[in-house]
*Asks:* 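This is the structure I want to talk about, given as structure tokens.
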Amino acid sequence: MKKGLFILATALVVVISGCGNTANNGNEASNTPNNAASSMNHSEMEHENMTSEVPEGLKEAANPEYKVGDQVIITEGHMAGMKGATATIVGAYDTNVYAVSYTPTTGGDPVTNHKWVIQQDLKDAGDQLYVPGTEVVLNVDHMPGMKGATATVDTGEQTTVYMVDYTPTTGGEPVRNHKWVTGDELKAK
């Protein structure tokens, strides 16, 4: 029992330590100051729920910077082992993309500056780009308690988003169909 708790605690420390870097690094979508209150935590992101299916109405990008099959390096760390990982582009789509803050429907601490949800991940979103401060309802379950939560838009922009496959730099199983990363978070390999 003690050994299991030790392993769980060690894993939690590793996951938490990988989620602290959310600096803007030139990302035009960010209008939020970089401070402790604006950091996000994807430690509970549910990769087993990631499928190659895309939301209804999402259109493939006509001329993306990175094409399906391209190898890239991920330059941002939404989750432990993501920053610096080599990834393969498996989808490129033009849409509105948002960083949002919300309180999970399952309770617990608020999630701040969650990157990313797209227009098609929002309930009754239409096509308009929402401005920071707008309240929206999330219709996606990247993390427990996300679906159905009311969220506040922190940032938003129209851009190309990518779905990627990668193997974490921290080891472990490959991640398939990770949704979403933006072009600003990738560099050519």
*Asks:* Supply the atom-to-atom distance Met82 CE to Thr75 OG1, rounded to the nearest 0.5 angstrom.
*Replies:*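 If we round to the nearest 0.5 Å, Met82:CE and Thr75:OG1 are 9.5 Å apart.
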*Asks:* Donor-acceptor pair, distance only, cut-off 3.5 Å: does the side chain of Gln119 make one with the backbone of Ala125?
*Replies:*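 Yes, the answer is positive, given that a donor and an acceptor are paired below the 3.5 Å cut-off.
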*Asks:* Between Pro168 and Ala80, what is the shortest heavy-atom contact and its length?
*Replies:*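 Shortest heavy-atom separation between Pro168 and Ala80 comes out as CB-O, 4.5 Å.
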*Asks:* Let me confirm one number: the CD-CG distance from Glu157 to Asn96, rounded to the nearest 0.5 Å.
*Replies:*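 Glu157 atom CD to Asn96 atom CG measures 9.0 Å (nearest 0.5 Å).
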*Asks:* Rounded at 0.5 Å granularity, tell me how far OG1 in Thr160 sits from CG in Asp94.
*Replies:*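 The CG atom of Asp94 is 4.0 Å from OG1 of Thr160, to the nearest 0.5 Å.
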*Asks:* Hey, could you give me the CG/CD1 distance between Leu122 and Ile118, rounded to the nearest 0.5 Å?
*Replies:*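 Interatomic distance, Leu122 CG to Ile118 CD1, rounded to 0.5 Å: 8.5 Å.
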*Asks:* Given the rule that I, L, V, M, F, W and Y join up when any side-chain heavy atoms are under 4.5 Å apart, are Ile73 and Val175 in one cluster?
*Replies:*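 Result: no, two separate clusters.
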*Asks:* Heavy-atom distance under 4.5 Å between the side chains of Thr155 and Trp116, does that happen here?
*Replies:*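 Sidechains of Trp116 and Thr155: in contact.
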*Asks:* Considering non-hydrogen atoms only, spot the tightest contact between Gln120 and Leu58 and give its length.
*Replies:*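 Answer, listing the atom of Gln120 first, then Leu58: OE1-CD1, 3.5 Å.
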*Asks:* Show the nearest heavy-atom pair for residues Gly148 and Thr105, with the distance to one decimal.
*Replies:*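 So the two residues come closest at C-CG2, 3.8 Å.
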*Asks:* Can you find a pair of side-chain heavy atoms, one from Thr182 and one from Glu76, that are under 4.5 Å apart?
*Replies:*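 With C-beta onward as the side chain, the pair stays apart.
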*Asks:* Looking only at atom types and distance, does a side-chain atom of Ser101 sit under 3.5 Å from a main-chain N or O of Asn113, one as donor and one as acceptor?
*Replies:*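 Confirmed, Ser101 side chain pairs with Asn113 backbone.
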*Asks:* I need the minimum non-hydrogen distance between Ala99 and Lys115, along with the two atoms involved.
*Replies:*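 Looking at all heavy atoms of both residues, the closest pair is CB-CG, 3.9 Å.
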*Asks:* Using 30° and 60° as the class limits, which term best fits the ring planes of His142 and His114: parallel, tilted or perpendicular?
*Replies:*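 Because their plane-to-plane angle lies in the 30° to 60° range, the rings of His142 and His114 count as tilted.
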*Asks:* Spell out, as yes or no, whether a donor-acceptor pair under 3.5 Å connects the side chain of Asp121 to the backbone of Asn139.
*Replies:*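 No, Asp121 side chain to Asn139 backbone: no donor-acceptor pair under 3.5 Å.
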*Asks:* Return yes when atom CD of Gln158 has more than 12 non-hydrogen atoms of other residues, nucleotides or ligands closer than 6.0 Å, and no otherwise.
*Replies:*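 For Gln158, atom CD is not crowded (no more than 12 foreign heavy atoms under 6.0 Å).
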*Asks:* Evaluate the side chain to side chain contact (heavy atoms under 4.5 Å, CB included) criterion for residues Met146 and Val140: first the C-alpha distance (whole Å), next the side-chain angles of each, then the deciding distance (0.1 Å), finally the verdict.
*Replies:* CA-CA 7 Å; Met146 192 173 196; Val140 66; 4.2 Å; yes
*Asks:* With a 4.5 Å cut-off on side-chain heavy atoms, are Gln71 and Thr88 touching?
*Replies:*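 Yes, their side chains come closer than 4.5 Å.
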*Asks:* Under the 3.5 angstrom rule, does the side chain of Tyr66 hit a backbone N or O of Tyr162 as a donor-acceptor pair?
*Replies:*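 No: the side chain of Tyr66 does not pair with the backbone of Tyr162.
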*Asks:* Any non-hydrogen side-chain atom of Leu186 less than 4.5 Å from a side-chain atom of Ile89?
*Replies:*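 Yes, their side chains come closer than 4.5 Å.
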*Asks:* In Å and rounded to the nearest 0.5 Å, what is the OG1 to CG distance from Thr150 to Leu138?
*Replies:*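 The distance works out to 8.0 Å.
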*Asks:* Parallel, tilted or perpendicular, judged at 30° and 60°: which one describes the rings of Tyr166 and His178?
*Replies:*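 Ring orientation, 0 to 90° scale: perpendicular.
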*Asks:* When rounded to the nearest 0.5 angstrom, what is the spacing between CE in Met163 and CH2 in Trp180?
*Replies:*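 If I round to the nearest 0.5 Å, the distance is 5.5 Å.
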*Asks:* Ignoring hydrogens, what is the shortest heavy-atom contact between Ala92 and Pro64? Give both atom names and the distance.
*Replies:*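 In terms of heavy atoms, the two residues are closest at CB-CB, 3.7 Å.
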*Asks:* Would you say that more than 12 heavy atoms from the other residues, nucleotides or ligands in this model lie under 6.0 Å from the NZ of Lys67, or not?
*Replies:*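 Counting neighbours around NZ of Lys67, more than 12 heavy atoms of other residues, nucleotides or ligands fall under 6.0 Å, so yes.
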*Asks:* Please verify the inter-ring angle class for Tyr130 with Tyr98; under 30° counts as parallel, over 60° as perpendicular, anything in between as tilted.
*Replies:*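 Tilted.
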*Asks:* For residues Asp165 and Arg176, report the shortest heavy-atom separation together with the two atoms involved.
*Replies:*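 Here Asp165 and Arg176 meet closest at OD1-CA, 3.2 Å.
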